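Predicted model only: the values in this text are computed from it and were never measured. Lettering of chains follows the sequences in order, A, B, ..., and the numbering in each one begins at 1.
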Protein chains: 2
Amino acid sequence: MIKLQNISKNYRMGEVEICALCGVDLDVASGDLIAIMGPSGSGKSTLMNVLGCLDRPTSGRYLFEDREISAMSDDELAHVRNAKIGFVFQSFNLLPRFTALKNVEMPLVYSGVSSQARTERAVPVMEKVGLGDRMYHKPTELSGGQQQRVAIARALVNNPPLLLADEPTGNLDSRSGAEILNILVNLHQQGVTIIIVTHDPNIAARCKRIITLKDGGIISNETVP
Amino acid sequence: MIKLQNISKNYRMGEVEICALCGVDLDVASGDLIAIMGPSGSGKSTLMNVLGCLDRPTSGRYLFEDREISAMSDDELAHVRNAKIGFVFQSFNLLPRFTALKNVEMPLVYSGVSSQARTERAVPVMEKVGLGDRMYHKPTELSGGQQQRVAIARALVNNPPLLLADEPTGNLDSRSGAEILNILVNLHQQGVTIIIVTHDPNIAARCKRIITLKDGGIISNETVP
Ligand SMILES: Nc1ncnc2c1ncn2[C@@H]1O[C@H](COP(=O)(O)OP(=O)(O)OP(=O)(O)O)[C@@H](O)[C@H]1O
Ligand SMILES: Nc1ncnc2c1ncn2[C@@H]1O[C@H](COP(=O)(O)OP(=O)(O)OP(=O)(O)O)[C@@H](O)[C@H]1O
Ligand SMILES: [Mg+2]
Ligand SMILES: [Mg+2]
């Protein structure tokens, strides 16, 4: 599904160059369930933003379903993101002026689903993440963990074949976190390819593979026994 | 130091009233080290915002060092916050247009410290949280866990007698999280009163008392053996 070859992402800050990703090679097969771990600042979110086609690498090749993303226009990338990829952001990235339900409907707006059909599809996903009684709250009227679950619901609503979740349980208590993990594991059993950034070893232990980053590079890539 | 008596915080959403805190009683002694736990949406951040004088309760009495905060003006409250309370927000609340260092200096701007003295005090605190090489980055040029550590440094810089930290390690790997916890435990040993909202049982185990919330109320308040 995905091939990364010698991918780098650099930021220039004045005279200093920061190498957020330094020459990363990674293959992701369809149906994988991967955990990405590593210290704060090691490049996990940067890697997820490249994988999610949200950020172009500084150099290197990225093949998504055998298509080279550097050859795609911004519009083509946006189309791939909307049709193929669900993304849960570490900072949620909810739209503050819209209700939780409208935020979950956003991917369906982009793909041209009618208003009534959008609501019919978004309501069950809100209930699935335990927020059936918070649908008309705006993000500022929700707790941190509730916002996180809205962001998860939004990533799921379009049934994407690839789901990228950047620390989806950081703001959740163990029970809510376990419920989210069960949702992800079930989706994986239905054939969804899932990549989760996590600091939680309990979540990593339920994945098939664990990739560990340090200082912008992959230092281990192991199958979970 | 703090007495909460029958504190409630309600939000009206159309015809529905949401009771984020429902009749909470809580005493905090000077020098306490308290963990606040509970499910997502149970009222932890709402309680912390009341304790931190950031949000006025809907009803009930709040005595801070024997002064009734409902009798204080907004200016007086702001003065209490700046002089007495360090607050680490669950969503960091950094100012996006300022560098990390300038964000850490903010409490000192409010208390009238000169520009050179501010920098002299803020730099060591940035190094203490492991971000000596990220001082001139803006928040958007930092990872999630790095932003969280800037928010922690900002709460510490004015040496407040009371430190409130709302999920200070949610975005940190176990090693960075342990470093932050050590900073907090050391401050406690120097006499700082500390209240930490956490979902991490390892952090709760290092506190002296654990308070558990559910649906806006305190369901247990126990000393850690
Ligand atoms: N401005 C608001 N308007 C309406 N409801 C609100 C508002 N702010 C918070 N709430 C509700 O109050 C309840 C408590 O919120 P709070 O942020 O205190 O929870 P929390 O325990 O910190 O949760 P988390 O662990 O997810 O951060 C939640 O159910 C939330 O939906
Ligand atoms: N826009 C930017 N400009 C400069 N440096 C950046 C920028 N974005 C990220 N960085 C740096 O790149 C490195 C990797 O950041 P990244 O967000 O990928 O880390 P992370 O592994 O997700 O960390 P965390 O676990 O704290 O979220 C960090 O050291 C960060 O300071
Ligand atoms: Mg990150
Ligand atoms: Mg909270």
Among A/Arg149, A/Gln148, A/Arg175, A/Met37, which residue forms the greatest number of heavy-atom pairs with chain B at distances under 4.5 Å? A/Arg149
B/Glu167 portion near chain A, given a 4.5 angstrom heavy-atom threshold: side chain
Can you confirm whether more than 12 heavy atoms, excluding those of A/Glu17, are under 6.0 Å from its CD atom? yes
If the contact rule is any heavy atom under 4.5 Å from chain B, which residues of residues 210-225 of chain A qualify, in numerical order? none
Among B/Ser45, B/Ser174, B/Ser143, B/Ser176, which residue has the highest count of heavy-atom pairs closer than 4.5 Å to chain A? B/Ser143
Pull out the residues in residues 7-16 of chain A that come under 4.5 Å of chain B, heavy atom to heavy atom, sorted by number. A/Met13
Backbone N or O of B/Ser40 within a donor-acceptor pair of the A/Asp173 side chain at under 3.5 Å? yes
Using side-chain heavy atoms (C-beta onward) and a distance below 4.5 Å, is A/Glu141 in contact with B/Ile18? no
Side chain, backbone, both or neither: which part of B/Gln147 has a non-hydrogen atom closer than 4.5 Å to chain A? neither
Report, in residue-number order, which members of residues 118-128 of chain A are under 4.5 Å from chain B by heavy-atom distance. none
Contact list (residues 88-109 of chain A to chain B, heavy-atom gap under 4.5 Å, by number) returns A/Gln90
